[in-house]
**Student:** 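My questions all concern the structure below.
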2 protein chains.
Amino acid sequence: MDAKAVLKAHIAKVVQLTDEQFDYVFSHFKPHSYKKGQAIISEGDKVDCEYFVLEGCLKSFYINDEVKMYILQFAMPTWWASDYNALYSGSKATISVDCITDSQVLSLCNADREKLCNEIHAVEHFFRWRTNKGYVASQKRLLSFMNNDARHRYEELMALYPALYNIVPKQLIAAYLGVSRETLSRLYNS
Amino acid sequence: MDAKAVLKAHIAKVVQLTDEQFDYVFSHFKPHSYKKGQAIISEGDKVDCEYFVLEGCLKSFYINDEVKMYILQFAMPTWWASDYNALYSGSKATISVDCITDSQVLSLCNADREKLCNEIHAVEHFFRWRTNKGYVASQKRLLSFMNNDARHRYEELMALYPALYNIVPKQLIAAYLGVSRETLSRLYNS
DNA sequence: GTAACTGTGTGACCTACATCACATTCAAAG
DNA sequence: CTTTGAATGTGATGTAGGTCACACAGTTAC
């Protein structure tokens with residue numbers, strides 16, 4: 001399935017666009033190929049775009065003063081990633097995004113998204129829906145953080161996204177769970 | 001300022017509605033008065049509405065199997081609260097909402113919100129904007145949870161919402177920070 | 001081949017915070 | 001004014017998980 005078909009199917013799950021509307025929407029997306037390890041957004045960058053994953057796997061992450069990394073999100077195919085705070089507010093990136101594996105993505109810049117949302121009501125509806133999803137997922141993860149210990153969160157993650165286990169180094173899984181890699185190692189070896 | 005004016009000012013910060021449009025939108029909101037301690041959404045309820053706070057203070061919270069409470073959000077005037085997962089998905093409430101102080105709120109039911117979003121493009125834009133805000137705030141809080149210790153999170157919260165210190169029992173602040181009330185007590189007495 | 005680098009396991013120790021127990025303060029109700 | 005109960009403070013002790021140190025793969029670079 002090509003980029004266009006993937007995006008079309010993704011949007012069609014939520015709203016109906018005519019073919020002309022979709023073609024118009026799609027014309028605002030730009031395809032990109034990235035290699036494993038390549039950065040898409042780095043701390044301090046001006047953030048203009050968000051990214052829709054076609055193939056591969058991205059991560060969005062924060063690195064603190066002690067150079068410890070925390071992963072906000074793994075982005076698999078048909079997921080979106082960016083530093084949304086920076087994207088919406090126009091501030092510099094504090095969240096970075098890079099590639100865990102070789103990846104194909106489509107970029108959509110903020111101005112174009114807003115333009116499309118303004119021009120096509122259904123597109124605005126789509127993005128409201130998508131952000132809702134993200135919001136609810138984020139709340140759930142927050143609760144899981146408060147409520148559950150590391151083992152529980154690990155099992156939750158593996159149940160939800162078993163594919164991650166093979167694709168993603170365990171260091172990164174630890175950084176997503178908010179534990180040290182040593183602790184994670186001890187968790188599943190017992 | 002009456003309910004109508006408060007909501008109008010709140011929406012006007014984001015989108016422009018004509019007076020007729022706003023009157024129409026407002027006609028879908030219902031005013032409610034609640035007493036301190038009164039429940040608005042209880043675990044297991046069918047969730048039909050979200051709530052816009054005019055006066056007072058609500059909390060949305062989760063209670064786990066060991067009857068420990070975790071607070072997702074304090075809702076002050078002009079904030080919104082509900083169990084959004086249940087509201088959007090039609091499932092039963094796992095998140096509860098109740099009143100920390102006597103409160104005045106406006107309710108908007110899910111079907112009406114969707115209807116209004118569909119009928120008036122600007123309203124859909126408003127709700128997309130609002131959910132964006134919530135999403136970004138939730139991500140920030142998640143990061144703070146992973147990155148910072150309890151003292152840091154406490155100071156962050158007090159810097160952001162100093163008003164909470166006077167209004168909200170410290171038990172509840174602890175439940176928001178995700179620490180025991182004993183730990184919180186030790187934190188600010190040193 | 002070997003070097004260098006990145007990822008992972010494992011032991012020894014340390015710390016932030018939870019839990020339990022009880023004392024105290026404060027506010028509401030009689 | 002007294003009683004009751006909720007909210008808060010504080011000590012003693014337990015534990016999940018962090019940190020540091022080092023060993024041992026598995027890859028990539030030469």
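Everything quoted here is computed from the prediction, not taken from an experiment. Below, chains carry the letters A, B, ... as their sequence lines are ordered, and counting in each starts from 1.
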**Student:** Ignoring backbone atoms, establish whether Tyr188(B) has a side-chain N or O less than 4.0 Å from OP1 or OP2 of dT8(D).
**Tutor:**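 The answer is no; no side-chain N or O of Tyr188(B) sits under 4.0 Å from OP1 or OP2.
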
**Student:** I want to know whether Tyr188(A) and Tyr154(A) have ring centres closer than 6.0 Å.
**Tutor:**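 When the ring centroids of Tyr188(A) and Tyr154(A) are compared, they turn out to be within the sub-6.0 Å range.
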
**Student:** Could you tell me whether the side chains of His32(B) and Gln104(B) share a donor-acceptor contact shorter than 3.5 Å?
**Tutor:**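 No - no donor-acceptor pair under 3.5 Å links their side chains.
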
**Student:** So how far off straight is the helix from dG1(C)-dC30(D) to dG30(C)-dC1(D), going by the axes through five pairs at either end, to 10°?
**Tutor:**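 Rounded value for the end-axis angle: 40°.
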
**Student:** Compare all side-chain heavy atoms of Leu7(A) with those of Phe29(A) and state whether any distance is below 4.5 angstrom.
**Tutor:**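 They are in contact (side-chain heavy atoms under 4.5 Å apart), so the answer is yes.
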
**Student:** Can you give one letter per nucleotide of nucleotides 25-30 of chain C, going 5' to 3': B for a protein heavy atom under 4.0 Å from the base, S for sugar-phosphate only, - for none?
**Tutor:** ------

**Student:** Any donor-acceptor pair, under 3.5 Å, between the side chain of Arg186(B) and the base of dG11(D), if you only look at N and O atoms?
**Tutor:**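 For Arg186(B), whose side chain was compared with the base of dG11(D), there is a donor-acceptor pair (under 3.5 Å).
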
**Student:** Which whole-number value in Å describes the distance from Asn147(B) CG to dG18(D) C1'?
**Tutor:**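 Value for this atom pair: 14 Å.
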
**Student:** Does the gap between the ring centers of Trp80(B) and Phe127(B) come in under 6.0 Å?
**Tutor:**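 Yes - the distance between ring centres of Trp80(B) and Phe127(B) falls below the 6.0 Å cut-off.
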
**Student:** Round to a whole Å and report the spacing from CD of Glu66(A) to C1' of dT19(D).
**Tutor:**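 Whole-Å distance recorded here is 12 Å.
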
**Student:** What is the separation between atom OH on Tyr154(B) and atom P on dC17(C), rounded to the nearest whole Å?
**Tutor:**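 Atom-to-atom, Tyr154(B) to dC17(C), this comes out as 14 Å.
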
**Student:** How long is the line joining CG of Leu187(B) and P of dT8(D), in whole Å?
**Tutor:**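 It works out to 14 Å between those atoms.
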
**Student:** Output the residues of residues 168-183 of chain B in contact with DNA chain C, where contact means a heavy atom of the residue under 4.0 Å from an atom of the strand; sort by number or write none.
**Tutor:**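 Residues of residues 168-183 of chain B under 4.0 Å from DNA chain C: Gly178(B), Val179(B), Ser180(B), Glu182(B), Thr183(B).
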
